[in-house]
K.L.:
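Below: one structure in structure tokens.
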Amino acid sequence: MCSEMTTEATTVLPGSFYSFGSAAGDLLNPAADDGSSSVIPLFSPFQYFGLTYQQIYVNNNGFLTFNQASSQFAPNSFPANGSQDVIAGLWTNIDNSARGVVSYNQYTSGSVLASATQDINNYFPNLTFTASWVFVATWDKVAYFNSNTETFFQVVLISGSGYSFILMNYGDVAATGYPVQAGYDTAYSTDYFVISGSNSGSSISDLKTFSNVNVPGRYVFRVDTGSNTNKNEIVGLQGKLASFLDLTDEGNKQIVLQQIQQELVKKGLPSNMKLNIKKVEKMLP
């Protein structure tokens with residue numbers, strides 16, 4: 001019996017979400033606690049930190065894997081130094097057998113590619129980019145295990161012109177007492193990124209408010225090359241920083257550091273760089 005089928009209902013899109021639902025021709029994951037899709041052959045190879053993948057799995061618990069499906073509901077904390085590459089939209093204990101739909105689709109032509117091309121050129125203006133393939137996985141109003149909550153998010157993979165990107169969209173995300181993790185990690189954590197606040201179930205509702213590209217609820221990462229391809233190493237960087245945020249607050253500090261990190265990654269620096277902000281007081285004579 002086939003466990004995947006065309007969706008039967010159309011979902012209204014939030015402003016920044018890519019198309020999904022029956023109108024988009026999505027396929028459904030099984031409505032099963034800790035379930036996953038079967039192996040999904042990719043219409044186009046996806047470069048992920050120096051490796052090339054031709055298949056993917058959409059796991060109901062909020063994350064993507066390449067080599068095998070996973071039923072793991074308790075997320076690894078990034079960097080996990082594990083043996084598998086992971087892209088986590090919101091890895092936690094999700095139960096779509098109780099509520100909600102997990103679906104996916106991929107595109108090699110049409111309006112979705114046009115939107116992806118425009119988005120990436122807006123966020124990475126130093127690149128000349130044309131999307132040739134887009135993969136969209138959507139968790140639509142899914143519930144956490146043994147709860148009546150609704151959570152809505154999307155993971156989009158985009159490739160073309162020799163580049164690869166992850167785009168994550170967040171709508172309403174319910175708070176939870178379960179462990180959570182959002183971002184990405186590579187095998188043995190040579191490259192990884194944790195979205196600020198995403199490892200705290202009490203604060204993940206803020207994911208729809210913040211961003212690293214000035215679009216509330218959206219996070220975008222370039223992921224085609226690994227850190228071992230960057231031959232130059234910066235061991236120190238000094239500069240002046242002005243912010244309207246209170247940088248004595250640890251949460252605000254992490255938001256600013258992630259924005260700086262993404263700008264440096266756009267310039268080709270490794271995504272696993274370590275950044276910190278230190279306050280320097282100048283004493284007048």
Side-chain angles (χ1 to χ4, degrees), residues 14 16 33-34 59-65 70-82 84 86-96 98-100 102 137-155 166-186 189 191-221 243-262 265 271-277:
S16 62
D33 184 32
D34 302 332
N59 302 297
N60 288 352
N61 285 320
F63 63 106
L64 308 179
T65 48
S70 176
S71 61
Q72 185 175 337
F73 60 86
N76 299 327
S77 295
F78 300 161
N81 294 297
Q84 184 163 217
V86 176
I87 299 171
L90 188 68
W91 186 357
T92 190
N93 196 356
I94 291 171
D95 184 5
N96 68 321
R99 174 177 295 172
V102 180
T138 305
W139 286 258
D140 181 15
K141 299 180 182 178
V142 293
Y144 301 132
F145 180 75
N146 199 26
S147 78
N148 292 319
T149 57
E150 290 186 354
T151 289
F152 189 20
F153 63 96
Q154 192 173 67
V155 178
I166 302 170
L167 186 151
M168 298 180 182
N169 290 319
Y170 296 94
D172 289 329
V173 176
T176 179
Y178 291 116
V180 293
Q181 183 76 90
Y184 60 80
D185 198 11
T186 59
S189 298
D191 291 274
Y192 63 90
F193 194 91
V194 179
I195 295 177
S196 179
S198 69
N199 51 6
S200 172
S202 61
S203 62
I204 57 171
S205 297
D206 293 335
L207 287 172
K208 72 173 184 179
T209 303
F210 296 111
S211 173
N212 66 349
V213 291
N214 295 317
V215 178
R218 173 170 286 184
Y219 300 80
V220 184
F221 311 97
S243 175
F244 291 106
L245 297 174
D246 176 11
L247 296 182
T248 62
D249 179 83
E250 185 63 26
N252 290 339
K253 177 180 173 182
Q254 291 304 315
I255 292 170
V256 171
L257 286 175
Q258 287 191 355
Q259 290 173 339
I260 295 172
Q261 183 177 24
Q262 271 302 109
V265 169
S271 63
N272 62 347
M273 72 183 82
K274 304 294 184 182
L275 298 178
N276 196 10
I277 294 175

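Excluded from the calculations below are hydrogen atoms, water molecules and symmetry mates; all remaining heavy atoms, backbone and side chain alike, are included.
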K.L.:
Does the side chain of Tyr144 pick up a donor-acceptor pair with the side chain of Thr151 at under 3.5 Å?
P.N.:
yes

K.L.:
Stepwise, does the side chain to side chain contact (heavy atoms under 4.5 Å, CB included) test hold for Asn146 with Asp95?
P.N.:
CA-CA 8 Å; Asn146 199 26; Asp95 184 5; over 6 Å; no

K.L.:
Tell me whether Arg99 contacts the main-chain N or O of Asn148 through its side chain, where contact means a donor paired with an acceptor under 3.5 Å.
P.N.:
yes

K.L.:
Can you check whether Asn93 reaches Asp33 side chain to side chain, under 4.5 Å on heavy atoms?
P.N.:
yes

K.L.:
May I ask you to decide if Phe210's main-chain N or O and Tyr219's side chain share a donor-acceptor pair within less than 3.5 Å?
P.N.:
yes

K.L.:
Is any side-chain heavy atom of Pro216 closer than 4.5 Å to a side-chain heavy atom of Thr209?
P.N.:
no

K.L.:
Show the nearest heavy-atom pair for residues Ser147 and Ala143, with the distance to one decimal.
P.N.:
O-CB, 3.9 Å

K.L.:
So does Gly197 get a backbone contact from the side chain of Ser200, meaning a donor-acceptor N/O pair under 3.5 Å?
P.N.:
no

K.L.:
Report yes if some heavy atom in the side chain of Val102 is under 4.5 Å from a heavy atom in the side chain of Val142; otherwise report no.
P.N.:
yes

K.L.:
If only side-chain N and O atoms count, and only distance matters, is there a donor-acceptor pair under 3.5 Å linking Asn61 with Asp34?
P.N.:
yes

K.L.:
Would you say the side chain of Phe152 lies within less than 4.5 Å of the side chain of Asp140, judging by non-hydrogen atoms?
P.N.:
yes

K.L.:
Going by heavy atoms in the side chains, are Leu90 and Ile204 under 4.5 Å from each other?
P.N.:
yes

K.L.:
Can you see which heavy atom on Ser189 is nearest to which on Ala80, and at what distance?
P.N.:
OG-N, 3.1 Å

K.L.:
Hey, mind stepping through Val86 and Asn76 against side chain to side chain contact (heavy atoms under 4.5 Å, CB included) and telling me if it holds?
P.N.:
CA-CA 10 Å; Val86 176; Asn76 299 327; 5.7 Å; no

K.L.:
Hey, is the main chain of Gln72 close enough, under 3.5 Å, to the side chain of Trp91 for a donor-acceptor pair?
P.N.:
yes

K.L.:
Take Ser70 and Phe63, measure what side chain to side chain contact (heavy atoms under 4.5 Å, CB included) needs, and give me the verdict at the end.
P.N.:
CA-CA 9 Å; Ser70 176; Phe63 63 106; 3.4 Å; yes

K.L.:
Rounded at 0.5 Å granularity, tell me how far CG in Leu207 sits from OG in Ser196.
P.N.:
9.0 Å

K.L.:
Tell me if a side-chain donor or acceptor on Gln181 pairs with a main-chain N or O of Phe78 at a distance below 3.5 Å.
P.N.:
yes

K.L.:
Could you tabulate the donor-acceptor pairs under 3.5 Å formed by side-chain atoms of residues 166-176, not counting sequence neighbours?
P.N.:
unit_1, atom_1, unit_2, atom_2, d
Asn169, OD1, Arg218, NE, 2.9
Asn169, OD1, Arg218, NH2, 3.4
Asn169, ND2, Ser16, O, 3.2
Asn169, ND2, Gln154, OE1, 3.0
Tyr170, OH, Gly89, O, 2.5
Asp172, OD1, Lys208, NZ, 2.6
Thr176, OG1, Tyr178, N, 3.0

K.L.:
Which heavy-atom pair separates Gly62 from Phe153 by the least distance, and what is that distance?
P.N.:
CA-CZ, 3.8 Å

K.L.:
Is the backbone N or O of Pro179 less than 3.5 Å from a side-chain atom of Thr92, with the two atoms forming a donor-acceptor pair by type?
P.N.:
yes

K.L.:
Indicate whether the side chain of Thr65 and that of Asn59 have a donor and an acceptor atom separated by less than 3.5 Å.
P.N.:
yes

K.L.:
Please confirm whether the ring centroid of Tyr184 lies under 6.0 Å from the ring centroid of Phe221.
P.N.:
yes

